[in-house]
Amino acid sequence: MFNIIGAIISGLFIGAFAQLFYPGHQGYSWVATILLGIGGSLVAGLITSQGQRDFSRAGCLASILGAMALIFIGHVLKIGG
């Protein structure tokens with residue numbers, strides 16, 4: 001149960017930072033921001049494939065970059081805000 005709550009909270013922060021650092025206005029809701037952050041973490045995890053479950057600054061940065069990549073793909077495909 002705590003893993004789910006932790007994923008939601010970290011997804012919110014990662015998604016919010018990704019929107020903050022991505023140029024322009026995205027206009028995502030808070031639910032979409034959470035999903036964006038969780039998706040960014042998954043993308044970063046698939047790319048790095050280190051298998052670590054510990055908190056690290058490099059992992060957070062990779063997650064934010066993964067979420068920014070999802071924002072870019074959404075803009076290219078005209079999906080989202």
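None of these values were measured; they are calculated from a predicted model.
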Within 6.0 angstrom of F13 CZ, more than 12 heavy atoms from elsewhere: no
Exercise: identify the closest heavy-atom pair between A18 and A67: CB-CB, 3.5 Å
Distance, nearest 0.5 Å, that separates CG of L70 from NE2 of H75: 11.5 Å
4.5 Å side-chain heavy-atom contact, I14 and S41: yes
Side-chain touch Q19/M68, heavy atoms, less than 4.5 angstrom: no
Given L61, T33, I64, the one that forms side-chain contact (heavy atoms from CB on, under 4.5 Å) with F17: I64
Heavy-atom closest contact (A7 atom, I38 atom, distance): O-CG1, 3.5 Å
Within-4.5 Å side-chain heavy-atom neighbours: F21 and L65: no
Matching residue for L12 among L35, L36, I34 - test: side-chain contact (heavy atoms from CB on, under 4.5 Å): I34
